[in-house]
Amino acid sequence: MTNNDKLFSPGLRERFFAQRVLVLDGGLDDDNGTVLATQMLSLASEDPHRDIALWIHSPGGSVPAMLAIRDVMRLVPCDVATLALGLACSAGQFLLSSGTKGKRFALPHARILMHQGSAGIGGSAVEVEVQADDLRHTRDTVLRLISEDTGQPFDRVFTDSLHDRWFTTEQAREYGFIDHVVSDLTQVVPVRTHQLGLHSGAVA
């Protein structure tokens, strides 16, 4: 069982999926990243004109998974709206700002964290050099994409990412991670809430 399954029951997750809402709840790994990417492709194939929503509450996670999801977000013909529910850190921040411009949201008290990813390096001198080159390439790719998505200069994004930097929703909007702080339910919920079981009191 993955962390995702512990937080959302399969029944509730299926109800969200039926309304074209995907949820990243918890850490992003290769398993749930693949699920999100393939679900996005499936929804886009089913209806290439209706928006897909990606709701995020995540401490971050796999860089390859987040890049794969972003690639899919750019590949599909429909818009992908993103929403920070409470926490969007690292990979969560990256996916939040990767949403379709004008459709990137955060709840009022959500927190967004940007920083450079880290990874252990070991082995022979040659192996260390190869790993370091690959890490630099990945780092620069991620920071370049954040720069494109936020409109911030690459050098500023690089400097700001050297240490953990937390953003309030207003600061995130000013920086370019999001476009709107949610003030009305209709901004982010595509259907009546009782259809998702949010007011029924029942456990899916």
Side-chain angles (χ1 to χ4, degrees), residues 24-30 32-34 36-37 40 54-76 79-182:
L24 171 59
D25 50 316
L28 177 67
D29 57 36
D30 292 338
N32 59 20
T34 300
L36 288 171
M40 199 172 291
L54 175 61
W55 293 357
I56 300 164
H57 181 78
S58 174
S62 168
V63 172
M66 79 179 191
L67 289 172
I69 293 171
R70 188 189 190 279
D71 285 345
V72 171
M73 293 168 78
R74 293 295 180 271
L75 180 65
V76 297
D79 290 350
V80 179
T82 54
L83 168 67
L85 294 173
L87 193 66
C89 299
S90 193
Q93 167 269 303
F94 181 86
L95 293 176
L96 175 66
S97 59
S98 293
T100 300
K101 290 187 178 179
K103 298 183 177 182
R104 302 171 302 176
F105 298 85
L107 293 181
H109 294 98
R111 297 297 302 276
I112 291 89
L113 171 68
M114 178 174 67
H115 69 177
Q116 289 185 21
S118 60
I121 297 179
S124 68
V126 173
E127 290 171 336
V128 168
E129 183 176 353
V130 170
Q131 292 176 60
D133 286 343
D134 183 63
L135 287 173
R136 279 192 292 270
H137 170 75
T138 300
R139 177 203 65 192
D140 290 347
T141 297
V142 170
L143 296 181
R144 175 179 55 80
L145 294 173
I146 293 175
S147 174
E148 291 178 6
D149 292 339
T150 61
Q152 297 290 344
F154 177 89
D155 288 346
R156 180 178 180 184
V157 173
F158 180 89
T159 300
D160 290 343
S161 69
L162 289 175
H163 304 284
D164 286 1
R165 180 167 180 186
W166 288 93
F167 295 78
T168 65
T169 50
E170 279 300 331
Q171 290 169 337
R173 185 182 60 78
E174 292 171 3
Y175 201 87
F177 292 133
I178 63 172
D179 306 296
H180 311 284
V181 178
V182 177

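Excluded from the calculations below are hydrogen atoms, water molecules and symmetry mates; all remaining heavy atoms, backbone and side chain alike, are included.
Rounded to the nearest 0.5 angstrom, T169 OG1 and H109 NE2 are separated by 7.5 Å. Rounding to the nearest 0.5 angstrom, the gap separating the CG atom in D160 from the OH atom in Y175 is 3.5 Å. Here the straight-line distance linking atom CZ of R70 with atom OG of S98 works out to 4.5 Å at 0.5 Å rounding. One distance of note links OG of S90 with CG of L95; it measures 9.5 Å at 0.5 Å rounding. Atom CH2 in W166 sits 11.5 Å away from atom CD in Q93 (nearest 0.5 Å).
Side chain of D29 to main chain of A65: no donor-acceptor pair is present (N/O by atom type, distance under 3.5 Å, no hydrogens or angles). Between the side chain of S58 and the backbone N or O of A88 there is no donor-acceptor pair closer than 3.5 Å. Side-chain N or O atoms of S62 include none that pairs as donor or acceptor with a backbone N or O of L28 at under 3.5 Å. Between the side chain of R111 and the backbone N or O of C89 there is no donor-acceptor pair closer than 3.5 Å.
With respect to M114, the side chain to side chain contact (heavy atoms under 4.5 Å, CB included) criterion is satisfied by exactly one of L143, I146, T150: I146.
With sequence neighbours excluded, the residues forming a side-chain contact (heavy atoms from CB on, under 4.5 Å) with D179 are R104, listed by chain and number. Checked against side-chain hydrogen bond (donor to acceptor under 3.5 Å, both in side chains), S161 has the following partners two or more places apart in sequence or in another chain: Q116. Under the rule for a side-chain contact (heavy atoms from CB on, under 4.5 Å), E174 has no partner lying at least two apart in sequence or in another chain. When the side-chain contact (heavy atoms from CB on, under 4.5 Å) test is applied to T168, the partners found at least two apart in sequence or on another chain are E170, Q171. Looking at residues two or more places apart in sequence or on another chain, you find a side-chain contact (heavy atoms from CB on, under 4.5 Å) between D164 and L113, H115.
Here the closest heavy-atom approach between residue A106 and residue I178 is recorded as CB-CD1, 3.7 Å. Nearest approach of S147 to P153, heavy atoms of both residues: OG-C, 3.7 Å. Nearest heavy atom pair, residue L85 against residue L107, reads O-CD1, 3.2 Å. In this structure, L83 and V182 approach most closely via the heavy-atom pair CD1-CG2, 3.8 Å. Considering every non-hydrogen atom in both P59 and G27, the closest pair reads CD-N, 3.7 Å. Listed here is the closest heavy atom pair of L96 and T82: O-OG1, 2.7 Å.
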Criterion side chain to side chain contact (heavy atoms under 4.5 Å, CB included) on L67 and F94, from CA distance to verdict: CA-CA 9 Å; L67 289 172; F94 181 86; 3.8 Å; yes
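Among residues at least two apart or in separate chains, there is no ring pair (Phe, Tyr, Trp, His ring centres under 6.0 Å) pair with a member in residues 135-162.
Looking at heavy atoms from C-beta onward, R139 lies out of side-chain contact with V142 at the 4.5 angstrom threshold.
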